[in-house]
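Take a look at the structure set out below.
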There are 2 protein chains.
Amino acid sequence: MRISEASRLSGVSTRLIRYYESIQLLGRPARTATGYRDYDQRDVHELRFIKRARSLGFSLKQTKELLDLWRDTRRANHKVLALAERHQRTIIARMQAHEAIIEVLGRLIQACQSNDRPECPILDGLADSRSRE
Amino acid sequence: MRISEASRLSGVSTRLIRYYESIQLLGRPARTATGYRDYDQRDVHELRFIKRARSLGFSLKQTKELLDLWRDTRRANHKVLALAERHQRTIIARMQAHEAIIEVLGRLIQACQSNDRPECPILDGLADSRSRE
DNA sequence: GCTTGACCTTCCAACTGTTGGAAGGCGCAT
DNA sequence: ATGCGCCTTCCAACAGTTGGAAGGTCAAGC
């Protein structure tokens, strides 16, 4: 099938498919006589795998590792597990950072809403390094 | 003061200070006779403001808007408030996306930990598009 | 006076991930 | 043959930060 078909079936844009090939996340596909990329069902599976890993926040580097492990006739589970756990810890840390930000913003916003005077508690809060980071 | 001093006092790297100047987030500072950048206390305040806005996840573009509002003798509070509220909604959405990811990863990790067979539930979960995105 | 080392300057490139455009070839319809 | 929609390649942009290279400046030490 052509690249647009693979794109449609996988949900990955044609641009991105070519990019994934260029960084060797995907192997070079077969080519037609006139030089068009020719994909098969297996490629579509890999693209879906990539898409899903990306949607879970794995980097392209991690996605490549996962894909390699997947291609490797499903061996070395412990590596996959370690990678997933490490990634989960990263995402948890990021989420907690977001929580902290939301809390700070919430305080500033509230102070601003209950304020009639000309100065702005949000700007003051940003300027004031005594507020928690 | 020189750039390294401004960096030390603000916590913003010299590289970044120059970059912020190049994108006109900061104005061009005075120069010494030999061409060295010469900063004052006000610049340090602005750098700290920037650093804090960035740490709260505001983009450079938003940070510039906030900084401009701040320079504007503290007028137009409602603009600041709107910007902050919009940003908070963005961060909340991001945090929720993270939560969802953590949940999915948690399921996959747990399935993998309670699994003795050769196949890997994490890889299978990534491959299986029936799992929730 | 000359070297050493720590600073300063500029410019150009890398990183991550995705998207966009331009310029040209291919294939099928009218 | 003309037009349309696909395909190809290459080059650039976005956000934000960091890194290196090649060179100028300034103080201290010998």
Side-chain angles (χ1 to χ4, degrees), chain A residues 1-26 28-40 43 46-67 83 87 90-91 94 97-98 101, chain B residues 1-26 28-40 43 46-67 83 87 90-91 94 97-98 101:
Chain A
M1 78 189 71
R2 305 213 262 192
I3 195 170
S4 61
E5 178 80 354
S7 169
R8 202 179 53 74
L9 292 174
S10 64
V12 179
S13 73
T14 59
R15 297 207 91 103
L16 215 33
I17 294 175
R18 291 193 200 99
Y19 173 68
Y20 288 162
E21 180 188 335
S22 80
I23 59 167
Q24 280 152 15
L25 180 55
L26 282 175
R28 266 154 266 137
R31 295 281 185 151
T32 66
T34 52
Y36 288 8
R37 288 175 179 79
D38 190 22
Y39 295 96
D40 59 24
D43 295 313
E46 297 205 346
L47 282 168
R48 282 212 269 244
F49 183 101
I50 292 168
K51 185 176 180 151
R52 189 151 162 70
R54 296 287 301 126
S55 81
L56 288 177
F58 287 101
S59 68
L60 285 180
K61 190 161 172 288
Q62 290 172 320
T63 299
K64 178 156 178 48
E65 291 178 50
L66 289 168
L67 197 48
L83 209 163
H87 179 55
T90 303
I91 300 286
R94 248 181 250 169
H98 281 347
I101 288 173
Chain B
M1 77 190 70
R2 306 214 262 191
I3 195 169
S4 61
E5 178 80 352
S7 168
R8 201 179 54 74
L9 292 174
S10 65
V12 179
S13 73
T14 60
R15 299 207 89 103
L16 217 33
I17 294 175
R18 291 194 200 99
Y19 173 68
Y20 288 162
E21 180 188 335
S22 80
I23 60 168
Q24 279 152 15
L25 181 55
L26 283 175
R28 266 154 267 137
R31 296 280 185 152
T32 67
T34 50
Y36 289 8
R37 288 175 179 78
D38 190 22
Y39 295 96
D40 58 24
D43 295 313
E46 296 205 347
L47 282 167
R48 282 211 268 245
F49 183 100
I50 292 168
K51 185 176 179 152
R52 188 149 162 71
R54 297 285 302 125
S55 81
L56 288 177
F58 288 100
S59 69
L60 287 180
K61 190 161 172 288
Q62 290 173 320
T63 299
K64 178 157 176 49
E65 291 178 50
L66 289 168
L67 197 48
L83 209 162
H87 179 55
T90 302
I91 300 286
R94 246 182 250 169
H98 281 348
I101 287 173

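In what follows, chains are A, B, ... by sequence order, proteins preceding strands, each numbered from 1. All values reported here derive from a predicted model rather than from experimental measurement.
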Under 4.0 angstrom, heavy atoms only, what part of the nucleic acid is [X] near: base, sugar-phosphate, or nothing?
X        : answer
Thr32(B) : nothing
Thr14(A) : nothing
Arg18(A) : base

May I have the distance from [X] (atom [atom1]) to [N] (atom [atom2]), rounded to whole angstrom?
X        : N       : atom1 : atom2 : result
Leu60(B) : dT18(D) : CG    : P     : 12 Å
Lys51(A) : dT18(C) : NZ    : P     : 10 Å
Glu21(A) : dC7(D)  : CD    : P     : 14 Å
Gln62(B) : dA15(D) : CD    : C1'   : 12 Å
Ile17(B) : dC7(C)  : CD1   : P     : 14 Å
Glu5(A)  : dG5(D)  : CD    : C1'   : 15 Å
Tyr19(A) : dG21(C) : OH    : P     : 19 Å
Asp38(B) : dC8(C)  : CG    : C1'   : 13 Å

For this session: Let me know which of Leu60(A), Leu25(A), Leu26(A) forms a side chain to side chain contact (heavy atoms under 4.5 Å, CB included) with Tyr19(A).
Result: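 By the side chain to side chain contact (heavy atoms under 4.5 Å, CB included) criterion, Tyr19(A) pairs with just one of Leu60(A), Leu25(A), Leu26(A): Leu60(A).
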[N], OP1 or OP2 - any side-chain N/O from [X] closer than 4.0 Å?
X        : N       : answer
Arg37(A) : dC7(D)  : no
Ser13(A) : dT18(C) : no
Ser4(A)  : dG5(D)  : no
Tyr20(A) : dG17(C) : no
Arg2(B)  : dA27(D) : no

Problem set entry | Presence of salt bridge, Arg2(A) and Glu5(A), under 4.0 angstrom | no
For this session: To the nearest 0.5 Å, tell me how far Arg37(B) CZ sits from Arg28(B) CZ.
Result: 11.0 Å
For this session: Please round to the nearest 0.5 Å and tell me the distance separating atom CD1 of Ile50(A) and atom CG of Leu67(A).
Result: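 If I round to the nearest 0.5 Å, the distance is 5.0 Å.
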Problem set entry | DNA chain D: 5'-proximal contact among Tyr36(B) and Arg54(B) (nearest heavy atom) | Arg54(B)
Exercise. Within the modelled atom types, does a donor on one side and an acceptor on the other bring the side chain of Arg15(B) and the base of dG19(D) under 3.5 Å apart?
Worked result: yes
For this session: Determine the interatomic distance between C1' on dT16(C) and the same-named atom on dT8(D); round to the nearest Å.
Result: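 Rounded to whole Å, the distance is 25 Å.
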Problem set entry | Pairwise C1' distance for dT10(C) and dC14(D), with rounding to whole Å |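 Here dT10(C) and dC14(D) have their C1' atoms 24 Å from each other.
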For this session: Please examine the side chains of Leu9(B) and Tyr39(B), heavy atoms only from C-beta on, and report whether any two atoms are closer than 4.5 Å.
Result: no
